[in-house]
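Written out below as structure tokens is the structure these notes cover.
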Amino acid sequence: MEKIKMTTPLVEMDGDEMTRILWKMIKEELLEPYIDLKTEYYDLGLEHRNETDDQVTIDSALATKKYKVAVKCATITPNAARMDEYDLKEMWKSPNGTIRAILDGTVFRAPIVVKGIEPCVKNWKKPITIARHAYGDVYKGTEMKIPGAGKVELVYTAEDGSQTKELVHEFDGPGIVQGIHNINKSIESFARSCFSYALDTKQDLWFATKDTISKKYDHTFKDIFQEIFDAEYADKFKEAGIEYFYTLIDDAVARVMKSEGGYIWACKNYDGDVMSDMVSSAFGSLAMMTSVLVSPEGYYEYEAAHGTVQRHYYKHLKGEETSTNSVATIFAWTGALRKRGELDGNKELMEFADRLEKATIDTIEAGEMTKDLALITTIENPTVLNSEGFIKAIAKRL
Ligand code: NAP
Ligand code: MG
């Protein structure tokens, strides 16, 4: 068979521990036999980040701006224990944080739905993708404990020195107070990322806030989304046959539970934090969850939603067998290859991504899976495979 050609490279960000092992197997067994794989390789493994003073992470993000599509392996975010384990010069920042700061994007998380791994919400038939705004609100809040009676005010001092004041509360005893903010520019990029991703994936977009109670703060989110939608996306949505739907957050939660799924749910920072954990645990497993960072300029970085699976890696180092699920990492690759194909007009590459996803899903639906899925599947007598055996079973179908 002649291998599929690529015209533009993908940015490949290698990572750590068990996922680094899976990464290599996926390339060798599932990709390189079929594709003349063109990547610009960046080793974000912790050792190499340490050697380069983390410059490699910055370089990989800049390369993503150049080539527009990246695929990333899970990486260690160092903590005190890792300082000793890897003899680090510094407690380097989270690579995801560094990359996000450079690309300024929104993270979309979607479950991979297969028959036999049933969501515990029984009417959910299609994936629900959560888009979480990643700036501001309570995550950049300022708080005070109020010791006793007194007045709390919000004060805005403009550049010319003029002031606007708003009373928060006249305390007659102890209490608490919180100041939070957001920036129109950040909300605008969030909105554009959501609308673009909805068009890309041909799914409806839902957005919700508490604008009835928060008439200025949350209402601004609602207004910015609506203005950008009307000015830039309404026609494109109509053409694609998809909808933008705004409602109150409590109404959204109720509708989500009763829906069939199959849409993107844009959430403010706190709502996204809470709701993504609800949606992912209801769909079954972090190992079946993909994640993509979409920047407002149209750069895409694909990865698995889970970490480096440290516990399995230590077993692997001791020579013990592991049964680590590679599905989310495979789907990070297929997401990136499909997007590369789309941007380059490379139909073969896009079709390959579809086939690899189908082979992966078919393998599980045929009862061949890793241990984490075998524990929760409704399929009777599943065959539990080890990390390599599962990838080989997919390769056979592919
Ligand atoms: P983790 O890698 O997500 O794994 C936690 C547990 O979840 C595992 O021990 C395993 O449970 C289960 N699990 C996760 N992914 C699995 C898979 N693919 N197949 C089978 N089981 C899976 O989190 P962690 O071990 O707490 O964190 C390890 C490192 O990952 C940390 O250094 C952290 O900084 C990093 N991390 C990176 C990212 C990222 O790069 N995006 C995200 C999160 C964490 P059992 O042990 O019960 O089998
Ligand atoms: Mg959380």
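Read the numbers this way: they start at 1 and go in the same order the structure lists the ligands and their atoms. Reckoned from all heavy atoms, side chains included, excluding hydrogens, waters and symmetry mates.
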Short list, please: which atoms of ligand 1 are under 4.0 Å from a heavy atom of [X]?
X	result
T77	32 (O), 34 (O)
T324	17 (C), 18 (N), 19 (N)
A74	40 (O)
G307	1 (P), 2 (O), 3 (O), 30 (O), 36 (N), 37 (C), 38 (C), 42 (C), 43 (C), 44 (C)
K72	40 (O)

Ion pair check, [X] and [Y], cut-off under 4.0 Å:
X	Y	value
E239	K236	no
D211	K222	yes
K24	E28	yes
E188	K185	no
K396	E368	no
K210	D250	yes
E297	K65	no
R340	E40	no

Compute the shortest N/O to N/O distance between [X] and ligand 1 and return yes if it is under 3.5 Å, no if not.
X	answer
I76	no
E17	no
S326	no
A287	no

Taking [atom] as the reference point, report whether a protein heavy atom occurs under 4.0 Å from it.
atom	answer
atom 42 (C) of ligand 1	yes
atom 5 (C) of ligand 1	no
atom 38 (C) of ligand 1	yes
atom 24 (P) of ligand 1	no
atom 19 (N) of ligand 1	yes
atom 34 (O) of ligand 1	yes

Which of these, T308, L44, V107, has its nearest heavy atom closest to atom 28 (C) of ligand 1?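 Looking at heavy atoms only, T308 sits closest to atom 28 (C) of ligand 1.
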
Would you mind checking which non-hydrogen protein atom is closest to [atom], with the distance to 0.1 Å?
atom	answer
atom 32 (O) of ligand 1	R82 NH2, 3.0 Å
atom 11 (O) of ligand 1	H312 NE2, 4.3 Å
atom 40 (O) of ligand 1	T75 N, 3.0 Å
atom 47 (O) of ligand 1	R311 NH2, 3.9 Å
atom 13 (N) of ligand 1	V309 CG1, 4.0 Å

Between N269 and G136, is there a donor-acceptor pair closer than 3.5 Å when you use the side chain of the first and the backbone of the second?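 Checked: pair present.
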
Give a yes/no verdict on whether any heavy atom in M18 is under 4.0 Å from an atom of ligand 1.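 Heavy atoms of M18 never come under 4.0 Å of ligand 1.
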
Assess K371 for proximity to ligand 1: is some non-hydrogen atom of it under 4.0 Å away?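 Under 4.0 Å: no for K371.
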
Going by atom types alone, do T64 and E301 pair a side-chain donor with an acceptor below 3.5 Å?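 Their side chains do not contain a donor-acceptor pair, so the 3.5 Å distance test is not met.
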
For the residue pair T8 / D344, report whether a side-chain donor-acceptor contact shorter than 3.5 Å exists.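 D344 vs T8: donor-acceptor pair found between side chains.
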
Using a 4.0 Å heavy-atom threshold (strictly under), name the region of N96 that reaches ligand 1: side chain, backbone, both or neither.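 It is the side chain that touches ligand 1; the backbone stays farther off.
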
Heavy-atom pairs closer than 4.0 Å: do any link ligand 1 to the side chain of H306, the backbone, both, or neither?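 Looking at H306 and ligand 1, atoms from backbone and side chain both fall under 4.0 Å.
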
Name the orientation class of the two ring planes belonging to F221 and H133 (parallel below 30°, tilted from 30 to 60°, perpendicular beyond 60°).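 Rings of F221 and H133: perpendicular, as their planes differ by over 60°.
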
On the 0 to 90° scale, with breaks at 30° and 60°, tag the F237-Y233 ring pair as parallel, tilted or perpendicular.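 The arrangement is perpendicular - the two ring planes meet at more than 60°.
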
Provide the closest heavy-atom pair for N182 versus Y217 in the form atom of the first, atom of the second, distance.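 Here N182 and Y217 meet closest at N-OH, 3.5 Å.
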
So which of T98, D43, V56 actually passes side chain to side chain contact (heavy atoms under 4.5 Å, CB included) with R49?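 Running side chain to side chain contact (heavy atoms under 4.5 Å, CB included) over T98, D43, V56 with R49 returns exactly one hit, V56.
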
